[in-house]
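Just below is one structure, and these are the notes that go with it.
Quick note: residue numbers are just sequence positions, from 1. Below, all heavy atoms of this structure are taken into account, side chains as well, without hydrogens, waters or symmetry copies. As the structure lists them, so they are numbered: ligands from 1, and atoms in each ligand from 1. Since this is a predicted model, take the numbers as computed values, not measurements.
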Amino acid sequence: MAQEHTEHLQRVLRGLVAGSDPIRLLDEALRGAVQASHGRQGLLVGLVDGVSTPLASTGAVPRVVVDAAEGAIASDRLARRTERDGKRGAVAECLRVGDRVVGALAVGGDATNLDPVHLPLFAHCASLALARRPSTAASSVTDFLDALAGVASDLDGASVLVRVFDAAERLFGATAGFCAVFDGSAVRIPHYRGLDREGLRDASRHPEFKALLTSPGLRVDPPTHPAVAMLSNGVDTAVGLPLYADGRRLGHLVLMLGEAPDAALRAMLTSFSTHVALALRSAQLYRRVGDKEEQLTSVVHCMANPVIVVDEAERFVLINGAAAELFSLAAAFELGQPVAGKLGHPVLEELLSEHNHGRTTEVVIGEVEPRVYKASARPVMSSGGRILGRVLVLDDITKERETDQVKSDFVAVIGHELRTPLTVMKGYLRTLVHRGETLDPQVRELALKAIESNADRLQRMIEDVLFVSAVESGRSHLHLDDVDFGALVDAAVQDRVKVKRPRKDLTLSIDTAKIQQVLHHLVDNALKYSDGEVQVEVQDRGDEIEVAVIDRGPGIFSGDVPRLFERFFQLDGASTRAHGGTGIGLYVCRRLVEGHGGKIWCESRLGVGSRFAFTLPRWREVETPEVTIDAPAADSTTIEVTT
Ligand code: ADP
């Protein structure tokens with residue numbers, strides 16, 4: 001119950017004890033009831049010689065309020081009335097002294113808004129004021145309010161129920177009881193007291209218990225009266241209190257009392273059950289919110305992106321694993337601590353500050369291995385639009401930035417390299433166009449040859465570029481065939497090139513054109529960068545075949561060797577410049593060999609020469625497709641259960 005409603009009740013109770021003017025107390029109870037029931041007008045009538053007489057009101061009251069009051073008196077229970085247009089309505093509860101109806105407390109207002117759950121309690125208070133019975137009854141209501149506050153303060157379902165049964169024992173003298181909770185179509189009993197398992201089973205089988213669960217009294221919406229039944233043992237009275245909250249039926253509270261409750265006690269029992277239901281519902285919702293929060297936290301913790309959440313005072317609320325690692329934070333120690341100075345990055349700390357209303361920026365984090373992150377910070381809002389804090393999410397975009405860099409390098413390199421053969425071709429073409437007639441046939445032949453070889457070079461470059469782009473976008477495919485690898489290597493023999501290989505069957509399953517391309521490229525490079533003999537060596541290692549292209553050229557500096565197979569890598573030096581090229585040849589070779597399941601590498605010594613080698617596995621592992629076994633449509637085995 002909201003604080004202000006309780007205050008009205010407390011004032012009435014204090015007034016009763018102090019012997020204040022009963023009319024003022026009735027007025028207080030009436031105003032409390034109007035507020036607690038979300039109403040607008042209130043009327044309190046007393047029965048004087050069987051005639052209802054207004055004792056207190058909040059001013060002029062509509063007819064429907066008077067009707068409700070009379071309805072309550074006539075039926076001895078909570079009454080609800082609605083005007084014909086369905087808009088205005090009223091609810092009323094009887095005032096009783098013992099079991100005698102002495103009046104009614106009615107509240108009018110918007111028919112859809114009126115909530116009568118607290119009305120019985122205010123009616124009970126007003127009855128006390130009317131009967132001017134301060135001491136004992138007043139203290140029982142004070143007790144009651146204390147007990148309700150205790151029940152409502154707990155958010156754990158199990159301990160709420162312990163408090164409920166403690167309160168029921170103290171307030172109503174309940175000797176035993178149990179709480180049944182509806183769980184789908186099943187009924188669960190999470191708490192019982194004063195009964196053993198057997199007793200509980202007996203009680204739940206009792207026709208009276210079934211009657212309690214199905215009693216028509218429980219179908220009033222919201223239920224206002226406990227169902228009371230004498231149990232067969234003849235000693236106990238069982239009171240069934242339906243637990244309703246949020247418009248749903250949560251379960252049932254059954255209390256064994258020494259004697260049947262009088263009307264005043266019944267009103268208190270009803271009010272008690274409303275609070276129990278609200279407390280249980282709160283506990284349920286609290287648990288659900290807790291579960292959700294846990295779920296959310298574990299999702300955030302699993303995320304590869306670093307995530308940090310701060311509250312409105314810029315203190316850490318959540319640091320996920322990735323963020324803890326990135327900023328070297330011990331999450332457990334930092335929670336609740338101010339973020340300032342902890343991230344070692346003023347831009348990020350500024351993003352999490354109150355001045356930021358949602359911004360995205362790029363930051364570089366790390367000194368040894370700097371990485372580029374896209375950092376986005378957004379305010380966390382409540383449904384009412386209040387800012388609760390901020391969340392910072394980092395996205396590692398180092399790779400994208402590298403790709404951007406590679407792309408612009410690519411354009412620069414390719415642009416430059418394509419221009420070289422074109423310039424040569426244009427030079428020769430101009431000569432042919434202007435002096436074609438007068439040219440010596442030998443020079444003319446030379447010019448045409450030069451144009452042809454440069455056109456070939458241009459074509460090769462374009463093909464390489466297209467191939468790289470196909471490999472990178474995953475569009476390159478291998479066409480495997482069983483090939484006599486010996487013959488393929490023998491075809492590489494030419495001036496300055498020797499082949500050494502075992503004279504036996506070297507059948508391999510490969511894409512001939514692609515492996516030929518690798519071999520040609522390695523041999524071409526060896527011929528380009530050296531003057532002497534180039535040797536192609538094949539070794540059969542059983543499960544794989546190793547091919548090496550060996551030259552006695554200038555060799556390569558050991559620091560450059562690991563980078564030879566990277567995209568666009570070219571050694572600095574006069575000889576590289578003299579030979580042109582785009583620096584993608586060896587990269588293409590690596591992708592082709594790896595596509596066949598092999599490895600490629602280079603061993604080189606400055607001044608001695610280089611050995612470029614690659615392997616091709618003999619037996620390629622056959623990829624087994626993933627198999628999912630579907631359950632058969634109709635279960636062929638039936639398990640028979642005999643009882
Ligand atoms: P490109 O396609 O431009 O020829 P590669 O990827 O084939 O480039 O080669 C990369 C670099 O490796 C070349 O710039 C060259 O300097 C160096 N290189 C390749 N093969 C040899 C070799 N056999 N001897 C010395 N340097 C070589």
Side-chain angles (χ1 to χ4, degrees), residues 406 409-424 453-472 476 489 492 494-500 513-538 546-595 598-614:
V406 163
D409 288 355
F410 182 82
V411 172
V413 171
I414 290 299
H416 177 77
E417 293 306 325
L418 292 180
R419 205 179 290 145
T420 316
L422 265 181
T423 315
V424 177
S453 77
N454 277 285
D456 284 349
R457 188 170 159 203
L458 208 56
Q459 187 183 5
R460 241 192 354 261
M461 276 183 194
I462 291 170
E463 271 164 14
D464 278 354
V465 168
L466 290 178
F467 179 76
V468 168
S469 123
V471 164
E472 268 160 28
S476 123
V489 177
Q494 53 177 296
D495 196 22
R496 283 174 55 204
V497 180
K498 286 232 163 63
V499 169
K500 199 172 131 197
K514 302 267 160 65
I515 293 303
Q516 251 166 357
Q517 188 181 340
V518 174
L519 195 58
H520 281 169
H521 189 77
L522 296 182
V523 170
D524 277 358
N525 272 356
L527 290 172
K528 258 200 296 195
Y529 297 107
S530 73
D531 302 324
E533 186 175 277
V534 170
Q535 191 153 11
V536 179
E537 237 178 51
V538 179
E546 183 178 315
V547 188
V549 178
I550 303 153
D551 67 60
R552 290 185 214 290
I556 300 162
F557 168 58
S558 61
D560 287 330
V561 170
R563 302 193 53 203
L564 283 174
F565 300 93
E566 285 175 15
R567 247 177 333 200
F568 309 132
F569 180 75
Q570 283 191 300
L571 296 184
D572 268 345
S575 108
T576 302
R577 277 195 295 279
H579 295 292
T582 50
I584 46 178
L586 287 178
Y587 169 72
V588 170
C589 291
R590 172 166 74 87
R591 299 297 297 239
L592 289 174
V593 169
E594 286 174 355
K599 285 197 305 274
I600 187 164
W601 69 96
C602 167
E603 296 150 19
S604 190
R605 279 182 66 188
L606 279 178
V608 179
S610 310
R611 179 178 190 270
F612 282 85
F614 65 93

note = The atoms of ligand 1 lying under 4.0 Å from a heavy atom of His521, numbered in the order shown, are 2 (O), 5 (P), 7 (O)
query = Where the side chain of Ser604 meets the backbone of Gly609, is there a donor-acceptor pair that is under 3.5 Å apart?
reply = yes
request  = Pick one of side chain, backbone, both or neither for how Ile556 approaches ligand 1, counting any non-hydrogen atom pair under 4.0 Å.
outcome  = side chain
remark   = Shortest non-hydrogen pair, Phe565 vs Leu586, comes out as CD2-O, 3.6 Å
query = Ignoring hydrogens and geometry, is there a side-chain-to-backbone donor-acceptor pair from Arg552 to Ser530 under 3.5 Å?
reply = no
key: Salt-bridge contact Arg611-Glu546 (side-chain N to carboxylate O under 4.0 Å)   = yes
request  = Let me know which of His521, Glu594, Gln517 forms a side-chain contact (heavy atoms from CB on, under 4.5 Å) with Cys589.
outcome  = His521
key: Element-labelled atoms of ligand 1 that are located less than 4.0 Å from some non-hydrogen atom of Phe612   = 20 (N), 21 (C), 22 (C), 23 (N)
query = Among the heavy atoms of Phe565, does any lie under 4.0 Å from an atom of ligand 1?
reply = no
key: Per atom 12 (O) of ligand 1, closest listed option by heavy atom (Ile584, Val534, Leu564, Val523)   = Leu564
message = Run Leu522 and Phe614 through side chain to side chain contact (heavy atoms under 4.5 Å, CB included) and show every step you take.
response = CA-CA 10 Å; Leu522 296 182; Phe614 65 93; 3.8 Å; yes
query = Looking only at distance, does Tyr587 have an N or O less than 3.5 Å from an N or O of ligand 1?
reply = no
note = A student checking ligand 1 against Asp551 at a 4.0 Å heavy-atom cut-off should list atoms 22 (C), 23 (N)
request  = Measure from atom 4 (O) of ligand 1 to every heavy atom in Arg590, Lys528, Arg611 and give the option owning the shortest one.
outcome  = Lys528
